[in-house]
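Structure, as structure tokens:
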Amino acid sequence: MARNRTFILYGLALVGFVLLPQLISVKYYIHLCVLALIWVIAAQGQNLIQGYTGYVSIVQAGFMGIGAYSTALMGMHFDLPVWLTIILAPFVTAFFALLTGYPSLRVKGHYFAIVTLAFNMVIFIVLMNFHDLTQGEAGITGIPNPGGKDALFNWRDRETYYYFVLIIAALMTGLAALIVRSRIGQILVAIRQNEDLVGAVGIAAWKYKLFAFVTSAMFAGLAGAIYAHYQSFINPEIFGIAQSLDAILAVIIGGSGTIAGPIIGAFFVVFLPEYLRFADSFRLILYGLVLVLATIFMPRGIAGIARDLMEKRRGRT
């Protein structure tokens with residue numbers, strides 16, 4: 001019964017997202033919705049390693065950068081079709097995640113967070129200084145849209161891209177839900193609760209941690225590739241540590257260890273800074289204050305609070 005109710009809620013939410021562009025008169029808000037949906041993909045990946053496995057990774061934006069630059073460079077240097085480079089980008093990201101994941105996951109807690117933060121810094125430095133490949137701070141311009149010039153749909157129209165990203169975000173959310181509800185997901189939750197006990201019963205916890213880390217990176221690589229083709233321009237500044245912290249905050253604020261949480265949190269971290277533009281000088285201070293207060297007073301996130309309210313309502317009825 002509870003599962004049917006959940007499916008109904010997700011179905012209604014999907015219908016709402018489909019109708020959303022028709023209800024928005026200002027095109028800029030559609031642009032923000034596209035960015036938020038891209039962040040939904042990255043946040044769902046972040047949730048796998050952070051919310052379900054219990055390891056805080058501060059490299060999600062770095063992986064987005066690898067995905068964004070790999071799709072752009074494969075198209076420029078190998079003349080591959082856009083759709084193919086978007087598909088290949090997560091696998092390129094997975095390769096780098098494999099190289100760094102095994103040594104990183106040998107440490108736990110705050111040490112893992114520090115190692116991943118350092119890796120994000122390395123990615124940022126390489127993107128900034130490897131001018132022959134990445135064009136450095138100037139970035140890469142003229143990244144083509146998925147459809148090309150003779151496409152059936154007008155990919156320069158924001159509504160078209162909105163529906164494209166919505167489909168991808170819905171599919172990746174569904175994939176995250178399948179992983180969570182599988183045996184792998186149960187083991188990830190067990191690792192979060194008591195990793196030593198998982199090892200004591202004969203389960204190789206490091207394999208499942210590595211799976212979560214690499215899968216999280218693939219989500220981020222896909223998000224980065226979609227972002228690159230949407231904006232048609234990328235530079236290293238948008239793949240720094242601050243953006244990785246946004247992915248972490250999206251999970252915390254939305255609801256860590258829930259499927260709905262990253263969706264709510266992604267829209268929160270995209271739209272809140274925009275609504276604070278009325279206080280331009282203090283915008284970042286207010287943004288940080290709101291996030292700190294939300295983290296302290298809403299440890300289970302918005303999705304957790306909503307679930308508690310629904311359970312109380314059921315108890316009364």
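Note that the numbering runs from 1 along the sequence shown for the chain. As a basis for the values below, the full set of heavy atoms in this structure was taken, side chains included, without hydrogen atoms, waters or symmetry mates.
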Hydrophobic clusters join Ile, Leu, Val, Met, Phe, Trp and Tyr when side-chain heavy atoms are under 4.5 Å apart, directly or via other members; which others share one with [X]?
X: Ile167; result: Leu171
X: Val251; result: none
X: Val15; result: Leu19

Original post:
Of the options Phe213, Phe219, Phe96, Phe95, which is the one that meets Phe63 in a ring-ring contact (aromatic ring centres under 6.0 Å, His included)?
Top reply: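 It is Phe213; the other options fail the test.
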**OP:** Please determine, by modelled atom types, if Ser57 and Gln46 share a side-chain donor-acceptor pair under 3.5 angstrom.
**Re:**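 Per modelled atom types, Ser57 and Gln46 side chains form no pair under 3.5 Å.
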Original post:
Using a distance-only test with no angle check, is there a side-chain donor-acceptor pair under 3.5 angstrom linking Tyr161 and His31?
Top reply: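 Judged by distance alone, the side chains do not pair up.
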Subject >> Ring-ring centroid check Tyr208 Phe211, cutoff 6.0 Å >> reply: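 Centroid separation for Tyr208 and Phe211: 6.0 Å or greater.
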Subject >> Phe164 ring center near Trp83 ring center (under 6.0 Å) >> reply: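 So the answer is yes for these two rings.
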Result block: side-chain N/O donor-acceptor pairs under 3.5 angstrom for residues 109-129, not counting sequence neighbours:
residue	atom	partner	partner atom	Å
Thr116	OG1	Ile58	N	2.9
Thr116	OG1	Phe112	O	3.2
Thr116	OG1	Ala113	O	2.8
Asn120	OD1	Ser244	OG	2.4
Asn120	ND2	Phe239	O	3.3
Asn129	ND2	Ile125	O	2.8

**OP:** Compare every heavy atom of Lys27 with every heavy atom of Asp157, then report the nearest pair and how far apart it is.
**Re:**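 Closest heavy-atom pair between Asp157 and Lys27: OD1-NZ, 4.3 Å.
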Original post:
Which pair of non-hydrogen atoms, one from Met74 and one from Ala89, has the smallest distance, and what is that distance?
Top reply: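 In terms of heavy atoms, the two residues are closest at CE-N, 4.1 Å.
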Subject >> Tyr102: partners by ring pair (Phe, Tyr, Trp, His ring centres under 6.0 Å), with sequence neighbours left out >> reply: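 Tyr102 satisfies ring pair (Phe, Tyr, Trp, His ring centres under 6.0 Å) with Trp206 once adjacent residues are dropped.
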Check: [X] side chain, [Y] main-chain N or O, donor-acceptor pair, under 3.5 Å:
X: Thr71; Y: Gly67; result: no
X: Thr215; Y: Ala212; result: no
X: Gln193; Y: Ala190; result: no
X: Ser232; Y: Ile143; result: yes
X: Tyr55; Y: Lys108; result: no
X: Tyr162; Y: Phe17; result: yes
X: Glu195; Y: Thr53; result: no

**OP:** Go through the steps to decide whether Val59 and Thr100 satisfy the test side-chain contact (heavy atoms from CB on, under 4.5 Å), and finish with yes or no.
**Re:** CA-CA 11 Å; Val59 69; Thr100 58; over 6 Å; no
Kindly list each side-chain donor-acceptor pair under 3.5 angstrom involving residues 254-268, sequence neighbours excluded, with atom names and distances?
residue	atom	partner	partner atom	Å
Thr258	OG1	Gly255	O	2.7
Thr258	OG1	Gly261	N	3.0

Original post:
In the single-linkage hydrophobic clustering (I, L, V, M, F, W, Y; side-chain heavy atoms under 4.5 Å), do Leu32 and Val26 co-cluster?
Top reply: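 Cluster IDs for Leu32 and Val26 match.
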